[in-house]
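Here's the structure, in structure tokens; my notes come after.
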Amino acid sequence: MSVNACNGFLKQQKEWINSQQSNPMTIVILNLMPNKKETERQFLNLLDSLDAEIAVQFIYPKTHHSKHTQAKDLAASYATFDEIKHQQIDGLIITGAPIEKLAFSEIDYIDELITIRNWAKTHVKQTINECWAAQQGLNQDFEIEKINLKQKLFGIYQASYLAEENELTKYCETITMPQSRHTKSLVDEQNLPKDLTVIASSPEAGPFILYSKKISPTLH
């Protein structure tokens, strides 16, 4: 159908043309990646392939001191959490970030991120935590730590296990997922915390899609 960008660099620079919408699904994307435009395009193109009308709003953590984007440019193109926190929205996507080797406590916007994720539990129907955001979500809600790998995990891995009863995977015959990371979350599949379910995993990559009513899908 169509995806409209309510804000963002692509809209500001007229690289994404919006169309008429009647009653769109609302999705907020917390873009933590340094390459803002490329990340916007990737998510907008992906969502545009769905059979739905979707309105996307991009936000950024105002407590982060960006080295790649001028603060004035971010403020002109993106919204802050304070500007959208009164809304009830259909979906929240939290992107990854190239900071996986840092401890969570070293991230300058970690308190703001914790606040946003807590807010989402009462204001968002479904949240997807991607990559590093998945590790942070598992740590915040289940106190699951992450560790550095001896060797970088890199490649495209096919799930050897899929949870057929979960809505995200029950119609999938198989799932393949790219992995490029130096860390992993210490998820014990034999002794999972209550309310956390592994719905896709492989022997090489380990659990890479997890689900919880607390934090919604988590893509490792």
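Computed from a prediction, not measured in an experiment: that's the story for all the values here. Along the sequence shown, the residues carry numbers beginning at 1.
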Compare every heavy atom of Ala120 with every heavy atom of Leu92, then report the nearest pair and how far apart it is.
CD2-CB, 3.8 Å
If you round to the nearest 0.5 Å, how far is CG of Leu210 from CD1 of Ile199?
7.5 Å
Whether Thr169 side chain and Cys172 backbone form a donor-acceptor pair below 3.5 Å
no
Could you tell me whether the side chain of Asn166 reaches within less than 4.5 Å of the side chain of Thr197, counting heavy atoms only?
no
Is it the case that over 12 heavy atoms from other parts of the model lie below 6.0 angstrom from the NZ atom of Lys101?
no
Closest non-hydrogen atom pair between Ile144 and Ser185, with its separation:
CG2-CB, 4.1 Å
Min side-chain heavy-atom separation Arg117-Asn129 under 4.5 Å:
yes
Out of Phe9, Tyr78, Phe43, which one pairs with Asn31 under the side-chain contact (heavy atoms from CB on, under 4.5 Å) rule?
Tyr78
When rounded to the nearest 0.5 angstrom, what is the spacing between CD in Gln57 and CD1 in Ile27?
12.0 Å
May I ask you to check whether Gln87 and Thr26 show a side-chain donor-acceptor distance below 3.5 Å?
no
Looking at every heavy atom in both Pro34 and Pro98, which two are closest together, and how far apart are they?
CD-CD, 3.6 Å
Close side-chain approach of Leu113 to Phe81, heavy-atom, < 4.5 Å
no
Please assess Lys184 against Ile147 for the test side chain to side chain contact (heavy atoms under 4.5 Å, CB included), listing each intermediate value before the final yes or no.
CA-CA 6 Å; Lys184 72 173 183 178; Ile147 61 169; 3.9 Å; yes
Side-chain touch Ser212/Phe142, heavy atoms, less than 4.5 angstrom
yes
I'd like to know whether CD of Gln13 has more than 12 heavy-atom contacts from other residues, nucleotides or ligands below 6.0 angstrom.
yes
CG (Leu30) and OG1 (Thr80) are apart, to the nearest 0.5 Å, by 11.0 Å
Does Asp90 reach the main-chain N or O of Gln126 with its side chain, forming a donor-acceptor pair under 3.5 Å?
no
From CD (Glu189) to CG (Asn191), nearest 0.5 Å:
12.0 Å
Spell out, yes or no, whether Tyr161 and Ile175 are grouped together once hydrophobic residues are joined by side-chain heavy atoms under 4.5 Å, including indirect joins.
no
Under-4.0 Å salt bridge between Glu40 and Lys11
no
Short side-chain to backbone donor-acceptor contact, Gln21 and Glu53, under 3.5 Å
no
Treating Ile, Leu, Val, Met, Phe, Trp and Tyr as nodes and any side-chain heavy-atom pair under 4.5 angstrom as an edge, say whether Leu149 and Tyr157 lie in one connected cluster.
yes
With side chains defined as the heavy atoms from C-beta onward, is the minimum distance between Asp195 and Lys213 less than 4.5 Å?
no
Between Asn7 and Phe58, is there a donor-acceptor pair closer than 3.5 Å when you use the side chain of the first and the backbone of the second?
yes
Please work out whether the ring planes of Tyr109 and His64 are parallel, tilted or perpendicular, with thresholds of 30° and 60°.
perpendicular
Do side-chain atoms of Glu100 reach the backbone of His182 as a donor and acceptor pair under 3.5 angstrom?
yes
Donor-acceptor pair, distance only, cut-off 3.5 Å: does the side chain of Gln158 make one with the backbone of Thr174?
no
Glu143, CD: over 12 other non-hydrogen atoms inside 6.0 angstrom
no
In one Ile/Leu/Val/Met/Phe/Trp/Tyr side-chain cluster, 4.5 Å: Leu32, Leu46:
no
Where is the tightest heavy-atom contact between Gln136 and Phe104, given as atom of each residue plus distance?
CA-CE2, 3.6 Å
Donor-acceptor under 3.5 Å (Ser77 side chain, Leu74 main chain):
no
Checking side chain to side chain contact (heavy atoms under 4.5 Å, CB included) for the pair His123/Lys85: CA distance, chi angles, key distance, verdict?
CA-CA 8 Å; His123 289 75; Lys85 66 183 181 181; over 6 Å; no
Heavy-atom closest pair, residues His65 and Asp108
N-OD2, 3.1 Å
Is any side-chain heavy atom of Lys36 closer than 4.5 Å to one of His68?
no
Examine the side chains of Asn118 and Gln140 and answer whether a donor and an acceptor come within less than 3.5 Å of each other.
yes
Under 4.5 Å between any side-chain heavy atoms of Thr63 and Asp111, yes or no?
no
Short question: side chain of Gln135, backbone of Trp132 - any donor-acceptor pair under 3.5 Å?
no
Validation row: Asn139, Glu145 side chains within 4.5 angstrom (heavy atoms):
yes
From CD1 (Ile94) to OG1 (Thr127), nearest 0.5 Å:
6.5 Å
For Ser201 and Pro207, the nearest pair of non-hydrogen atoms, with its separation, is CB-CA, 3.6 Å
Val56 and side-chain contact (heavy atoms from CB on, under 4.5 Å): which partner among Leu44, Ile93, Val28?
Leu44
What distance separates Glu130 CD from Met33 CE, expressed to the nearest 0.5 Å?
8.0 Å
Assess whether side chain to side chain contact (heavy atoms under 4.5 Å, CB included) is satisfied between Leu47 and Met25, documenting all intermediate values.
CA-CA 11 Å; Leu47 294 170; Met25 181 185 300; over 6 Å; no
